[in-house]
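Whatever order the structure lists ligands and atoms in, that order sets their numbers, starting from 1.
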Amino acid sequence: MTADLKPWSKEEFKEKLLEKGKFYHRNHEFHIMMNNGELSKEAVQGWVANRFYYQVAIPVKDAAIMSNCWDREVRRHWIQRIIDHDGNGNDPGGIEAWLELGDAVGLERDDLWSHKHLLPGVKFAIDAYVNFAKQQPWQVAASSSLTELFAPTIHKDRIDNWPDKYPWIDQSKGYRYFSKRLTEARRDVERGLEITLDYYKTREQQEMMLNVLQFKLDVLWTMCDCMYLAYIVKKPPYHNV
Ligand code: AHQ
């Protein structure tokens, strides 16, 4: 029974979070094939189109967290995550950068905004994440973003591998999003870790947080499962009816 166990120190707790890295979707076969240059053009386009729903969901998820948070100081920081994606003033934001990635891989912007290529299972996984943020205490929802502890590496994989593995992708406009996230993810993780290491006090709460992180890892992994079935196994939903 973890209820009577001593809480982990902040360092031990952070270590436990980092141990979850093996479940990060960088280790999914879909991403391994991506980094090895083994994805077809259709599979890359499918990934860009399906991830677009994730990109436009992130600001909605972060707004849900803010709508549950009465702490002005936290909101003053957290609002930056929405701006990073929606942009403001002269900054077109990350959603625009993802649309440029869509342009670079040969997708029509209307087909991204209409979610024409969105797979049902990818939508369900992402909607589960948004609803989690709406229903959970803001600190719990905030801590679920800590899959980004492992994100800089995956963005760097794309920047390092895609130019050589996918020379058909227009490099002049395709990679701005990934470079942008390298710094933004590190800043987000700093804030997310601070909230998480402070909020979960007892061992039972800390163990619960590991399950919260596993939920979000499952969201990302499930997205890759759906895209693998559709674009690698070539058995998208209803392929046989
Ligand atoms: O581009 C990504 C992003 O903006 C975010 C926000 C953060 C969150 O709030 O959950 N997570 C996240 C992630 C982004 N990119 C993913 C990728 O593989 O490109 C990784 C993903 C994450 O690690 O949760």
Enquirer: Please list the nearest protein heavy atom to atom 18 (O) of ligand 1 with its residue and the distance rounded to 0.1 Å.
Expert: H25 NE2, 2.9 Å
Enquirer: In terms of residue, atom name and distance, what is the protein heavy atom nearest to atom 19 (O) of ligand 1?
Expert: R158 NH1, 2.6 Å
Enquirer: Among all protein heavy atoms in this structure, tell me which lies nearest to atom 4 (O) of ligand 1, with the distance rounded to 0.1 Å.
Expert: H85 NE2, 2.8 Å
Enquirer: What's the shortest heavy-atom distance between V140 and Y200, and which atoms?
Expert: CA-OH, 3.3 Å
Enquirer: Looking at N36 and I32, would you say the former's side chain and the latter's main chain have a donor-acceptor pair under 3.5 Å?
Expert: yes
Enquirer: Select one of side chain, backbone, both or neither to describe which atoms of Y54 lie under 4.0 Å from any atom of ligand 1, heavy atoms only.
Expert: side chain
Enquirer: Taking a cutoff of less than 4.0 Å between a non-hydrogen atom of the residue and any ligand atom, is Y129 in contact with ligand 1?
Expert: yes
Enquirer: Taking the side chain as C-beta and beyond, is there a heavy-atom pair between S145 and K61 under 4.5 Å?
Expert: yes
Enquirer: Mind checking whether R187 and D84 have side chains closer than 4.5 Å, heavy atoms only?
Expert: yes
Enquirer: What part of Q55, side chain from CB on, backbone N/CA/C/O, both or neither, has a heavy atom under 4.0 Å from ligand 1?
Expert: side chain
Enquirer: Per the salt bridge (charged side-chain N to carboxylate O under 4.0 Å, His left out) rule, what does the pair list look like for residues 13-35, sequence neighbours excluded?
Expert: R26-D157
Enquirer: How far is atom 9 (O) of ligand 1 from its nearest protein heavy atom, and which residue and atom is that?
Expert: K61 NZ, 2.5 Å
Enquirer: Could you check if a side-chain atom of T153 sits within less than 4.5 angstrom of a side-chain atom of Y24, using non-hydrogen atoms only?
Expert: no
Enquirer: One residue to check: H28. Relative to ligand 1, which of side chain, backbone, both or neither has a non-hydrogen atom less than 4.0 Å away?
Expert: neither
Enquirer: Find all atoms of ligand 1 within a distance of less than 4.0 Å from any non-hydrogen atom belonging to S145, and give their numbers and elements.
Expert: 8 (C), 9 (O), 10 (O)
Enquirer: Does ligand 1 have any atom sitting under 4.0 Å from a heavy atom of D84?
Expert: no
Enquirer: Do any N/O atoms on H31 end up under 3.5 angstrom from N/O atoms on ligand 1?
Expert: no
Enquirer: Are any of the heavy atoms in Y177 under 4.0 Å away from ligand 1?
Expert: yes
Enquirer: Sub-3.5 Å donor-acceptor pair from the side chain of H31 to the main-chain atoms of H25, do we have one?
Expert: yes
Enquirer: I'd like to check which ligand 1 atoms, numbered from 1 as shown, lie under 4.0 Å from a non-hydrogen atom of Y24.
Expert: 20 (C), 22 (C), 23 (O)
Enquirer: Establish, yes or no, whether the cationic atom of R75 lies under 6.0 Å from the six-membered ring centre of W78 and within 45° of the ring axis.
Expert: no
Enquirer: Looking only at heavy atoms, what is the nearest atom pair of L99 and L112, with distance?
Expert: CD2-CD1, 3.8 Å
Enquirer: Grab the two heavy atoms, one from N27 and one from G21, that are nearest each other, plus how far apart they are.
Expert: ND2-O, 3.7 Å
Enquirer: Among all protein heavy atoms, pick the one closest to atom 22 (C) of ligand 1 and tell me residue, atom and distance.
Expert: T147 OG1, 3.5 Å
Enquirer: Looking only at protein heavy atoms, which one is nearest to atom 5 (C) of ligand 1, and how far off is it?
Expert: E148 OE2, 3.5 Å
Enquirer: Can R51 be said to touch ligand 1, with heavy atoms closer than 4.0 Å?
Expert: yes
Enquirer: Table please: side-chain donor-acceptor pairs of residues 223-235 below 3.5 Å, with sequence neighbours left out.
Expert:
| unit_1 | atom_1 | unit_2 | atom_2 | d |
| --- | --- | --- | --- | --- |
| D225 | OD1 | H28 | NE2 | 2.6 |
| Y231 | OH | N50 | ND2 | 3.0 |
| K234 | NZ | Y231 | O | 3.3 |

Enquirer: Are any of the N/O atoms in S144 less than 3.5 Å from those in ligand 1?
Expert: no
Enquirer: Below 4.0 Å, non-hydrogen atoms only: which portion of E184 touches ligand 1? Side chain, backbone, both or neither.
Expert: neither
Enquirer: Report yes if some heavy atom in the side chain of Y53 is under 4.5 Å from a heavy atom in the side chain of D127; otherwise report no.
Expert: yes
Enquirer: Does the residue R26 have a heavy-atom contact with ligand 1, meaning some pair of atoms that are separated by less than 4.0 Å?
Expert: no
